[in-house]
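Please read the structure below before turning to the comments.
When reading the values below, keep in mind they use all heavy atoms of this one structure, side chains included, and skip hydrogens, waters and symmetry mates.
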4 protein chains.
Amino acid sequence: MSYMNGIDRINDQQKKRCKQINILSKGYADYLQLDKLLSSQTMLSSQNDRVSYDEHLFIITHQAYELWFKQILFEMDIVCKLLVANLWNNETEMCNALKRLGRISSIFKLLLEHFSILETMSSSDFAEFRGYLKHASGFQSLQFRMIENKFGLKKENRVDCCKSYTDCFNGKKSEEFERTLTEPNLLTLVCRWLESMPVLQDNTIWDQYRRAADLWLEESTETDISCLEKRRDLMDSLFKCDQHKRLVDQGNRKFTHQALKGAIILRTYRHEKGYALANRILDSLVDIDTMLSKWRFCHFVMVHKMIGSHNSGTGGTIGSEYLRSTLSDSYRTFIDLINLPALMVPATYVPPLISQIL
Amino acid sequence: MSYMNGIDRINDQQKKRCKQINILSKGYADYLQLDKLLSSQTMLSSQNDRVSYDEHLFIITHQAYELWFKQILFEMDIVCKLLVANLWNNETEMCNALKRLGRISSIFKLLLEHFSILETMSSSDFAEFRGYLKHASGFQSLQFRMIENKFGLKKENRVDCCKSYTDCFNGKKSEEFERTLTEPNLLTLVCRWLESMPVLQDNTIWDQYRRAADLWLEESTETDISCLEKRRDLMDSLFKCDQHKRLVDQGNRKFTHQALKGAIILRTYRHEKGYALANRILDSLVDIDTMLSKWRFCHFVMVHKMIGSHNSGTGGTIGSEYLRSTLSDSYRTFIDLINLPALMVPATYVPPLISQIL
Amino acid sequence: MSYMNGIDRINDQQKKRCKQINILSKGYADYLQLDKLLSSQTMLSSQNDRVSYDEHLFIITHQAYELWFKQILFEMDIVCKLLVANLWNNETEMCNALKRLGRISSIFKLLLEHFSILETMSSSDFAEFRGYLKHASGFQSLQFRMIENKFGLKKENRVDCCKSYTDCFNGKKSEEFERTLTEPNLLTLVCRWLESMPVLQDNTIWDQYRRAADLWLEESTETDISCLEKRRDLMDSLFKCDQHKRLVDQGNRKFTHQALKGAIILRTYRHEKGYALANRILDSLVDIDTMLSKWRFCHFVMVHKMIGSHNSGTGGTIGSEYLRSTLSDSYRTFIDLINLPALMVPATYVPPLISQIL
Amino acid sequence: MSYMNGIDRINDQQKKRCKQINILSKGYADYLQLDKLLSSQTMLSSQNDRVSYDEHLFIITHQAYELWFKQILFEMDIVCKLLVANLWNNETEMCNALKRLGRISSIFKLLLEHFSILETMSSSDFAEFRGYLKHASGFQSLQFRMIENKFGLKKENRVDCCKSYTDCFNGKKSEEFERTLTEPNLLTLVCRWLESMPVLQDNTIWDQYRRAADLWLEESTETDISCLEKRRDLMDSLFKCDQHKRLVDQGNRKFTHQALKGAIILRTYRHEKGYALANRILDSLVDIDTMLSKWRFCHFVMVHKMIGSHNSGTGGTIGSEYLRSTLSDSYRTFIDLINLPALMVPATYVPPLISQIL
């Protein structure tokens, strides 16, 4: 029970095992391929008479980012596979999906923390080796682009310059990259999953929701007409397919109509048996989308801090201004889940879920 | 002034540069040697019919640790070089040292955050691939051992088993490792720096401090005799070389006597001109020592959580109990700075620093 | 779609609402009772000629801790209520419990971050106002004690001094405090919940597990006799009630025998339908226990850093050494969940869960 | 030396002190005024039949924010006082200022972490008690407004609606608030400090810098004419007072011309004796500005996540869109420090600082 419980005994046993360790010691380094990993840091400034020590930090930080990007891609693939299988009524796999999504979110949180390391470097420190980087830019992380693609960010949602970005990679890497564009992405698969929600397979529940919405608008005591008008427009955008479609065409909505219905129903009946886990999956998707947004912003302010507003970024971009432009809602994949609250009919108007056949 | 300021203009400029980017795009990946970095993840469980997906996280996390360990070693080398030069009266290099020490501290803080990623893996998840790791253990990180060595952790302060650990590496790596044992470490260099403190070069200031201590003990109104006794013992340990030496021999003190004097004087006159930065360096050393301690603890609870108290660790150690034993004060390099408060004579007893010649 | 989309329109609308705001503005401050909250910081050192500015940080940090302790207690109460109701087969409430447990864990994580603020204060800074605090000590946080009690830490698991601690509070507070000692705590309720696991209500599944264990021990190819012996002892501690009881009496096990069985079965069949969420609850409990441990450790190193090993803590304790003694396993409530891995029979020996009636 | 060193002895001593503790125990709670602090949480939803448990989290989080806002204001006041005194050649007070600025930065970092607690609440959870909050909004935090004012954010830099915001507070609070508008703010004081830089007191150094700039533009091998043009414009904005003034009038520059010169000289000669600490102060100001930006963004995405884009915020604002509009550069107080890199003449063109008389 004591904190040093058995330390002496431990030492005895450990001594016995020491020879064993000498043999095993190669294991750790081999397993992690540390020879490759730890020989991959070459400072460009070291070719010069005056090494910029901070360049080492710059390399390590970006390499750490890339390692984690790989892990994020790995977890996304698993989530996509889980979504392809039928998640409804499968608590085990829903929990598995949740674990993966939660982990992706945690990794993004960790990546945000990485900025506080880079920020121990001042813009003056950076200026000392910035010249060497002219042919490399964070803008060019293939894996980050793949994450965006897999997440569901489409070409047409990007700012102009980046649309043709995909041309520039070739060879085997390019195939893998192409697959992130051609294979169903997270957005698509989440939509399909929501569309396949059992209770949505006939119109009963949706008709009920629409009647509740009508009643709500009818009985409204809101006196501000523009406010009432806006509410009506929002409801129309939910119930009228063509209005929904127009929003999709404008890039302001990304879910299919049927998927949006599914999300609404899930949120409405979130306390019902069988809906809790699915709601948590929606929450997790919003969390990741939010973390991605935070990552973009922190990236932007970091670059802004390093080079200011007037300088060009390395890699030929407009630098921080390019990054700033990626902060718009058009870069948010699950914006429809975020905008859901305004589409929700107040709980008091919605009838209970009687003969639920989830 | 607007947030979207000039986005259109940007798009125009960006289009022009797009071809350029296609050529440059190789830059980023080449610079970071991503081909090596991202091809270094081989799951042992994938040799089996049933892949344990969580093994990928295990690999990535440990690789991220190793990358940051390399950065810590890099920064420590710089700090050591700065300490070898004469820091006194050199604001620029003191600030440089502070920046490096602060960064090491920040990196350790980031490494602590990494545990929250590993902790998204339950002990059950870990159990699924733990069998494959039998020849590898976190216990074997050569770089972590080097960090400890460079920091100043000595063989005799380690728990028994680890003392012979150094035998097990050979080849080029081993040379680099040996240097962390033979070259002056951070502890040694900090001691030398404190010893060289200008004001300590004659006895005036120290004699003054001793007289202040005597007066304090004399005038004490403390009625608890054991408390008074303890205080007297502490002062003796400070002023009597043999008592100091005994503590050093017992492993309870690690600073040289002269260095301890330096630290006391620095703390006492921390508000005097020329002492502020040096005090901040002491604070930073304590911070890093504290972070290292936290890292050990978090490592311990993480392993404890993964395998419990009863299982052996991978690599043939006693697992979590071994890690627990590294939490003792004997593993704290700058324990003397931490224990300083009890050796400080109250400010009211200490005469001002009149003819300071720092 | 643009980032500044409609800002002009916003400004128009906002102007209209400005008068409204003037009226509403009291709302925020009233709601949060800011007059009370922000008038509760009185620096003791300000009674003196020389204010110690860092005392303000000390007060704010501790107050922030207390606010969050209140929230933790609030969430724990909800979890306890949920556990009293029957969680089995209730996905919604399991998810609710998980959310609460996850939040407690997140709050502890935030509390860990608070230490990095306190650590911007050096031991010298602290020494300047430490004298004023002689009648107050972090050791005396009633709410932290209540958290420990509610979590399930028992009097007999505490180091001696603290056992009589409960005497010292009286009045209404004391009643609330007493309830944390007399009402069923989280440990008790988790045990009851595990005991009530449907599949455990007859002996079939447990007999099966025991046979699997026997076969495993029988067929073992382990040649190290002491290792085999240890494994056999562990299995006996699981299957023989008297051995389990002895461990409980020694304070080395805290779960009831039936609850331990439940945990084993849950872990074993974690991939089966209906067991995933319950397993996540076990994970969450381990997470919180781990966070609490980390909090203790960080508290210890912070106090250690502030006052060293030799000084007494404020409030008359032995200071950092007292805190160090709370790091032992006897302070870990869910230690049995942590020690589970060594009690698990390898998956290949365990028969599938055929007629599961969870 | 062992981890449990003297625990028995401790227990003995502690027993002796137990009576003492009973008397002292009131100390902690009184010191922190916990009776007031912990009685300040009243859930509006509890007036209803159905309590929304998550409202408690909402209150605690906002109260924690307010506590920390108070601490930030406290530290800002100290920094302002230090800046009013002559910092040049005063290492001690520069270190003090740095410590305070670093702490403010750390607190903002902690405040960012708070969002991850609020984010354990989904938009559905929030919707359950949002109705009760109609008269309160985070928009109305007086202290946050005071932080902005003290930092140096001016009325004319705010989006329209907020300009008249100051009307709405009266009584004693209002006085304190008014002072944040009338007293010299951090921006003003930093400018004065830079203006008073000894080396700037005659024109020698600045003339030298201008000649270096001229030479740089002359010898430029840049073939892109628009790029060269832009560089020339930037240099004009630095050397021609009227051009600088125009930028100030447009709100695109906030430093005085002389202060900008000071910043340029500090950055240019950052490796010179006596300039290191002053450079670190500039870095710290940029850090805080950056953290404040991140706080705004995280606040925005959190609110966005809670209520979507279409709903009004509580307190009558346009909700998340209002927050989005505060992300523009006009809200960044030390934007001139961030934009400095583009105004720096390459080091090779700048003559060394020969007869420096800092």
Short side-chain to backbone donor-acceptor contact, B/Glu55 and B/Ser45, under 3.5 Å =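 Checked: pair present.
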Which atoms of [X] approach chain A - backbone, side chain, both or neither, heavy atom under 4.5 Å:
{"X": "B/Ile78", "value": "side chain"}
{"X": "B/Asp35", "value": "neither"}
{"X": "B/Tyr53", "value": "both"}
{"X": "B/Lys36", "value": "both"}
{"X": "B/Ser122", "value": "neither"}

For the residue pair B/Phe144 and B/Trp295, establish whether any side-chain heavy-atom pair is separated by less than 4.5 Å.
-> yes
Distance-only polar pair, side chains of [X] and [Y], donor-acceptor under 3.5 Å:
{"X": "B/Gln41", "Y": "A/Lys70", "answer": "yes"}
{"X": "B/Ser141", "Y": "B/Glu66", "answer": "yes"}
{"X": "B/Tyr31", "Y": "A/Gln63", "answer": "no"}

At a heavy-atom separation under 4.5 Å, does A/Leu34 approach chain B through its side chain, its backbone, both, or neither?
->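 Just its side chain gets close to chain B.
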Trace of the salt bridge (Lys or Arg N to Asp or Glu O under 4.0 Å) decision for A/Arg103 with B/Asp54 = CA-CA 11 Å; A/Arg103 183 177 289 167; B/Asp54 286 329; 2.7 Å; yes
If you count heavy-atom pairs under 4.5 Å between each of B/Ile107, B/Ile59, B/Leu57 and chain A, which one has the most?
-> B/Leu57
Contact winner vs chain A - B/Ser116, B/Gly102, B/Ser40, B/Ser39, heavy-atom pairs under 4.5 Å |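 So the answer, after comparing B/Ser116, B/Gly102, B/Ser40, B/Ser39, is B/Ser40.
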Determine the option with the most heavy-atom pairs under 4.5 angstrom with chain B, choosing from A/Met121, A/Glu75, A/His56.
-> A/His56
Taking the six-membered ring for Trp and the full ring for Phe, Tyr or His, determine whether the centres of B/Phe126 and B/Phe58 are under 6.0 Å apart.
-> yes
